[in-house]
Amino acid sequence: MHIGDILNDKCVDTIVSVRGWVYRSRESGRLIFTVIRDSTGIVQVVVEKGVVSSEEFELAKRATIESSIEVEGKCSKEPKAVTGYEIHATKIRIYQIAENFPITKDKSDEFLLDIRHLWLRSREMTAIMKMRDTILDSIRDFMREKDYHEVDPPMFVGGMVEGGSTLFEVPYFGEKAYLTQSSQFYLEAFMFSLESVYTISPSFRAEKSRTRRHVTEFSHYEAEAAWVQNQQMMDLEEELIVFIAQRLLSSNKEELEVVKRDLNKVKAIEKPFYRYRYEKVIDIGRQKGLQLSDMADLGEKEERAITEDFDKPMFVYNFPTQLKPFYHRQDPEDPSHVLNHDLLAPEGYGEVIGGGERIWDKDELISRMKSDNLNPEDYQWYVDLRSYGSVPHSGFGLGVDRLLTWLAGLDHINKAIPFPRTIRRLKP
RNA sequence: GCCGCUGUAGCUUAGUUGGUAGAGCACCCGGCUGUUAACCGGGAGGUCACCGGUUCGAGCCCGGUCAGCGGCGCCA
């Protein structure tokens, strides 16, 4: 029996039994108030001297915070109890008396990261992990509905990546391997058989970034689809984000309240999103007083300034070609720009998606590599994909952790990740 | 990588002009017949990050080291 199941009028006057962990404990003479938590919620248990055996009463007295416990008793409605109902204990069993739990009411973000393995039990983290589960689940439901296939790209990769300074190098039987930064190229390979594919896999970046949106290991949701154009991909993403937000509102209202999220901000995520060309966004930035050159890349500061007053997400499309990596397809009518897009979340959260059309012509791909000073031989298999019935296609990559950070209104990406990895943190 | 800030009990912290290290929470003991991260009384808990210097005397001043945080840069 779970606590969530008994928190309603049907339990009144019935004998219930719950198992869980001691969340709070207070004693007052011949009464002990013990709040128990399990994965579904918390409930107050009253232990009264004389109602339980004196051995059990002493046991309840010694039940420290986080002790594992099982209680049987009569359920009643009680306005004074935290969740409105309480259990009047008749039997108590303790599985383990917990050692002194290090988390008390005074705690800093850093301390909570040091003991994340224990902080995971908190109501906040429990709520965030439930919302994370909802997001992952809704992505899969949505993609299945759209006839996309989930695939598993490799995490160990060879040297085939742009640049190289941001790769994690790992020893591999006398050779060098790297942890993948993105599964995009592999999804493009899958695309030639399954047409529409996606993955939710980790990506690794050895960037020495110290910002509230960067981690070295993140959950990367990437998709790639044949025959799809840039604007159509934006349509799909728009529908997807709205779908996830709606699912979160319907499944996790309680959790959103635990993290004190303003529900109106989530309700505001509706179609259509703003859709502006790159130049238009530069103009918006200038109106907000930012000093931006015509070819300025949008850094974190710019994104925050531009999006903080927006109530809905904003697509920025057709960036200058020189700002984007070689595989982005140039607009045939305006080769100085590529057919790409970023999705910027509102309230200053910034980029959550980057995507666009990929170059599908082999010669075009090779010439773009050369003008970016890359050696096509280093990308042999990626180029080879264009040799056998190449087709127009588009894709995108979404940072799941950034999406959750935004939707839950968190102030730092490391609150959205169970065990965040940053330049300075590898434990626990 | 650069700039800035911080480091005092398990946690959160106060510490005046350089003059005997203080509190709250947690913990232990006692009290309380309805508590809401209760309350009341008592107790224990300190290499003031580390190394060196100045001084009669350093948590405080000076130099260095380390660690953490914030920002910038970097960032398919």
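Naming convention: chains lettered A, B, ... in sequence-line order (proteins, then strands); numbering from 1 in each chain.
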Should the side chain of A/Arg210 and the base of B/G71 be counted as holding a donor-acceptor pair, with the cut-off at 3.5 Å?
yes
With distance as the sole criterion, do the side chain of A/Ser182 and the base of B/A76 form a donor-acceptor contact below 3.5 Å?
yes
Side chain of [X], heavy atoms from C-beta onward: which of [options] has the nearest atom to it?
{"X": "A/Lys107", "options": "B/A37, B/G34, B/A76", "answer": "B/A37"}
{"X": "A/Glu78", "options": "B/G34, B/G73, B/C25", "answer": "B/G34"}
{"X": "A/Asn100", "options": "B/A26, B/G73, B/A76", "answer": "B/A26"}
{"X": "A/Arg424", "options": "B/A76, B/G68, B/G34", "answer": "B/G68"}

If the [atom1] atom of [N] is compared with that of [M], how far apart are they to the nearest Å?
{"N": "B/C69", "M": "B/A23", "atom1": "P", "result": "31 Å"}
{"N": "B/U16", "M": "B/C60", "atom1": "P", "result": "11 Å"}
{"N": "B/G34", "M": "B/C28", "atom1": "C1'", "result": "26 Å"}
{"N": "B/C72", "M": "B/G59", "atom1": "C1'", "result": "32 Å"}

For RNA chain B, what is the dot-bracket line, given that a base pair needs Watson-Crick (N1 to N3, plus N6-O4 or O6-N4) or G-U wobble (N1-O2 and O6-N3) geometry with both distances under 3.5 Å, and | means paired with another strand?
(((((((..((((.....[..)))).(((((.......))))).....(((((..]....))))))))))))....
Could you list, one pair per line, each protein nitrogen or oxygen that sits under 3.5 Å from a nitrogen or oxygen of nucleotides 39-41 of chain B, together with the distance?
none

Could you please spell out the steps behind the side chain to side chain contact (heavy atoms under 4.5 Å, CB included) verdict for A/Tyr198 and A/Lys146?
CA-CA 11 Å; A/Tyr198 76 100; A/Lys146 297 290 179 187; over 6 Å; no
Short side-chain N/O contact to B/G71 OP1/OP2 from A/Arg212, under 4.0 Å:
yes
Are A/Ser108 and B/U12 close enough that a side-chain N or O sits under 4.0 Å from OP1 or OP2?
yes
